[in-house]
Number of protein chains: 2
Amino acid sequence: MSATIKDIAKLAGVSHTTVSRALNNSPLIQEETKERIRIIAEQLDYTPNYNAKSLVLDRSYNLGLFFTTLSNGTSAGFFYEAIRGVNSVIRDRYQLIVKGIDDYTSFHSITKKSFDGIIIVSQSDDDGPIIEHIANKGIPLVVLNRPVDTAGVLNVLSDEEQGAFHAGAFLVNQGHKKIALIEGRKGFKSAQNRKDGFERAMEHYGILIPASYRMPGLYDLESGHQAMQQFLSLEERPTAVFCCNDEMALGAIKAVFEAGLQVPKDISVVGFDDTVFAAYVTPALTTVRRPIEQISKEGALRLLGNIENKLHATEQLLLRTELIVRESVQVLQA
Amino acid sequence: MSATIKDIAKLAGVSHTTVSRALNNSPLIQEETKERIRIIAEQLDYTPNYNAKSLVLDRSYNLGLFFTTLSNGTSAGFFYEAIRGVNSVIRDRYQLIVKGIDDYTSFHSITKKSFDGIIIVSQSDDDGPIIEHIANKGIPLVVLNRPVDTAGVLNVLSDEEQGAFHAGAFLVNQGHKKIALIEGRKGFKSAQNRKDGFERAMEHYGILIPASYRMPGLYDLESGHQAMQQFLSLEERPTAVFCCNDEMALGAIKAVFEAGLQVPKDISVVGFDDTVFAAYVTPALTTVRRPIEQISKEGALRLLGNIENKLHATEQLLLRTELIVRESVQVLQA
DNA sequence: AAGACTATTGTTAACGTGTGCATAGATGTG
DNA sequence: CACATCTATGCACACGTTAACAATAGTCTT
């Protein structure tokens, strides 16, 4: 089959050890011997057997990239950006193994031998157990997108509180005073953070949110739709609505049109996430963009650093979000 | 560190050979011995070292999923569906290694030892060399999404010719007779197939396409925009336009609005691909959906069959596309 | 010139697993 | 009872690589 270092050794008239050293550019080997061996290796189209290497070096050359789920729930754009980001960092140094956490029936097979490091793109609190498992096994780990405080686990995520603050501030700066909120799904950290940021903005500008201007939501189209219907039925309608994600924003916009009103003329809408479709809906959605690709890049970089330098700092990195202004917010005269 | 079969052997008072056989459920071992060994293995939290296994069994337990590019060009939805499809088939039998072909500086490291099989989601003719390389190395291979005729290579793709035929037929059936075409990018197989299918439909219904009703395109927004402007400037405007992909359709719709006209009232538009945003634009785009997830599932299934049964049939499987009727086509009175 | 040191290469074992062959005991057969 | 057969297990080696230690030859030191 394929050539091994022993084949090369025979042809070069040296021991296989010498070949191993030569190909790993060891300073022990004479330069001309190295060169001779390299040429023979080239001729034989030699490729090292990584399984053998892994076995003795105790490294797998594998990096795991785990998502909460692959089968449903993860948005395509999110998924794509995450893989892109990580891939751009590791290139040919590691193999990238993509998995859905919910595909595991047992974490048993996740060992130090099979993964040099793992990146978890976490989208749910249910990911706790696997994070624990990996941390216990002592596998270098970075968790993206969701705050985590397990010891020794790196953590990179976007500052959603700050993003929501900006979105709120933006509405105020455009002249809005009657601003309503459609909240995210209960129990999701992101829902809490976004709500907090928005509220902080309102507080900062001295704007009160009456109870009637708050509606719970489930992060889906339908709940956004219902919430907006509720707002529209009020005596005194809000002039702007901050939705904790784009999908609810879409539902909300739909409700506005159904009521014979216009976005943004009659009511302004802001979303969160900058989903793929946000730029394509009518009106194009003003929203908060999370720097997914940057997050995954930073995460991958930190993971590699951790693997190679064996640093084990628990460190949380918050990256700034960006407000993407499109067409769904109206400038109000004061 | 972690337990090995030798550790288990010591505790069980047997040789490591017996442990190996027991854990692989060999019929050579007594049932009670097996059970005893299994229990000890469980207690030690034993996980086989896959590197060692791979070395002796000459199998990697790795499946490669290669895209033409990860860094740009691949659409997020496409990417997501492909990974989902493959993942749903392999589950825990293999590790899924995701790569961009353009990340390889040399294919040298792609060997039979490191991949039990490879799935290429091909989006460009430039993928020829890597397909050749893999086929030469004798690695089981399936190419998705693009026709390929290398010997021994499985091939699964959607029947785009048929999809375009249906789209054309649909327009005719809605009463359209003046139908224009914006072509795909020259040199892309898909561009040819879609054009062929559309033309066959027109021919089938005895409809002529005047030269002025044909415009070249580049599969991007801008070229769709320009082409539509051209059509709108004609003395006798078409009532419907078939665009060889959604992005051009989007550009075309934009041009219609800019001219103060309406889609679909004044002019109908059909796209191809059912991109993520197709459902969200206004009007929602009628388009042809390629069964990406099904393609990748079928591809993965065939690959596994190939790996395990060592069948080596060159077989092409064409899967039917689906016409997604939304709001961008007007019904005309005859 | 003898010992110490350096540069280069070889010998051998190790990583963890699977397998062909040998072995020992049990069982069956005539 | 002698022999063949079967069952359950062990021994030794193999997979391809790296690395600790050994060995050799040449060079330097005093």
Side-chain angles (χ1 to χ4, degrees), chain A residues 1-38 40-41 44-62 95 108-116 137, chain B residues 1-38 40-41 44-62 95 108-116 137:
Chain A
M1 253 350 172
S2 47
T4 73
I5 52 172
K6 291 189 183 170
D7 299 325
I8 301 177
K10 236 175 255 164
L11 283 170
V14 297
S15 77
H16 73 275
T17 308
T18 302
V19 175
S20 170
R21 291 195 179 113
L23 295 178
N24 287 317
N25 201 21
S26 152
L28 291 176
I29 304 296
Q30 221 174 355
E31 201 49 54
E32 42 181 330
T33 316
K34 280 187 195 172
E35 197 45 36
R36 191 158 49 95
I37 289 175
R38 282 196 201 110
I40 298 178
L44 292 186
D45 190 29
Y46 168 77
T47 322
N49 182 324
Y50 273 83
N51 292 317
K53 262 182 126 95
S54 294
L55 183 57
V56 50
L57 294 180
D58 208 27
R59 296 191 42 201
S60 65
Y61 301 95
N62 285 163
Q95 311 248 47
H108 193 245
S109 63
I110 305 175
T111 70
K112 232 177 156 154
K113 309 272 180 196
S114 42
F115 294 101
D116 288 346
K137 290 266 180 177
Chain B
M1 255 348 173
S2 48
T4 72
I5 52 171
K6 291 188 183 172
D7 300 325
I8 301 177
K10 237 174 254 165
L11 284 170
V14 296
S15 74
H16 76 274
T17 307
T18 302
V19 175
S20 170
R21 291 195 178 114
L23 295 177
N24 287 317
N25 201 20
S26 151
L28 290 176
I29 306 296
Q30 221 174 355
E31 201 50 55
E32 43 182 329
T33 314
K34 282 188 195 172
E35 198 46 34
R36 193 160 46 94
I37 289 175
R38 283 197 199 109
I40 297 177
L44 292 186
D45 191 28
Y46 168 78
T47 323
N49 181 323
Y50 274 84
N51 291 318
K53 260 182 126 94
S54 294
L55 183 57
V56 49
L57 293 180
D58 207 27
R59 296 191 42 202
S60 64
Y61 300 94
N62 285 164
Q95 311 247 48
H108 193 245
S109 63
I110 305 175
T111 69
K112 236 180 153 150
K113 309 273 180 194
S114 43
F115 293 101
D116 287 347
K137 290 265 180 179

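Naming: A, B, ... by sequence-line order, numbering from 1 per chain. When reading the values below, keep in mind they use all heavy atoms of this one structure, side chains included, and skip hydrogens, waters and symmetry mates.
- The phosphate of D:dG16 (OP1 or OP2) has no side-chain N or O of A:Lys53 nearer than 4.0 angstrom.
- Dashed line: the shortest gap from a side-chain N or O of A:Tyr46 to OP1 or OP2 of D:dT17 is under 4.0 Å.
- For B:Leu23 and C:dG16, the CG to C1' distance is 13 Å, given to the nearest whole Å.
- In this model, the phosphate group of C:dG16 is not approached by any side-chain N or O of B:Thr4 to a distance below 4.0 Å at OP1 or OP2.
- At whole-Å resolution of the value, CD1 in B:Ile8 and P in D:dG10 are 14 Å apart.
- The CG-C1' distance, from A:Leu28 to C:dC5, rounds to 16 Å in whole Å.
- Proximity of A:Asn51 to the phosphate of D:dT17: no side-chain N or O atom is located under 4.0 Å from OP1 or OP2.
- The base of C:dT11 sits with one of its N or O atoms less than 3.5 Å from a complementary donor or acceptor on the side chain of A:Thr17.
- Judged by atom type and distance alone, A:His16 reaches the base of D:dT18 through a side-chain donor-acceptor pair under 3.5 Å.
- Between A:Thr47 and B:Lys112 there is no side-chain heavy-atom pair separated by less than 4.5 Å.
- The distance between atom CD of A:Glu32 and atom C1' of C:dT9, rounded to the nearest whole Å, is 13 Å.
- If you check every strand for non-hydrogen atoms under 4.0 Å, A:Tyr50 touches nothing.
- Of the listed nucleotides (D:dT9, C:dG18, C:dT17), D:dT9 has the atom at the smallest distance from the side chain of B:Thr18.
- If you take CG of B:Asp58 and P of D:dG16, they are 8 Å apart, rounded to a whole angstrom.
- For the pair B:Tyr50/B:Gln95, no side-chain contact is recorded, criterion being any heavy-atom separation below 4.5 Å from C-beta on.
- The CG-P distance, from B:Asn49 to C:dG16, rounds to 7 Å in whole Å.
- Here the P atom of nucleotide C:dC15 and the CG atom of B:Leu57 are 19 Å apart, to the nearest Å.
- Residue contacts for B:Thr33: at a heavy-atom cut-off of 4.0 Å it reaches the sugar-phosphate backbone alone, with no base atom in range.
- If you check the side chains of B:Thr17 and B:Ser20, you find no donor sitting under 3.5 Å from an acceptor.
- Shown here for A:Ser109 and A:Ser114, the closest heavy-atom pair between the two residues is O-OG, 3.3 Å.
- Residue B:Ser20 places at least one side-chain N or O under 4.0 Å from the OP1 or OP2 atom of C:dG18.
- A straight line from NZ of B:Lys10 to C1' of D:dT9 spans 19 Å, rounded to a whole angstrom.
- In summary, the side chains of B:Asp7 and B:His16 do not present any donor paired with an acceptor at a separation below 3.5 Å, with no hydrogens or angles considered.
- Take the nearest nucleotide of DNA chain C for B:Leu55 and for B:Arg21: the residue whose nucleotide is more 5' is B:Leu55.
- Among the candidates B:Val19, B:Ile5, B:Ile40, B:Ile37, the single residue satisfying the side-chain contact (heavy atoms from CB on, under 4.5 Å) test with B:Tyr46 is B:Ile5.
- Residue B:Arg59 places no side-chain atom within donor-acceptor reach of the base of C:dG18, judged by atom type and a 3.5 Å distance cut-off alone.
- The A:Ile29 side chain lies nearest to C:dT9 when the options are D:dG16, C:dT9, C:dG16.
- OP1 or OP2 of C:dT9 has at least one side-chain nitrogen or oxygen of A:Gln30 nearer than 4.0 Å.
- Two residues, B:Val56 and B:Pro27, neighbour DNA chain D, and the one matched to the more 5' nucleotide by heavy-atom proximity is B:Pro27.
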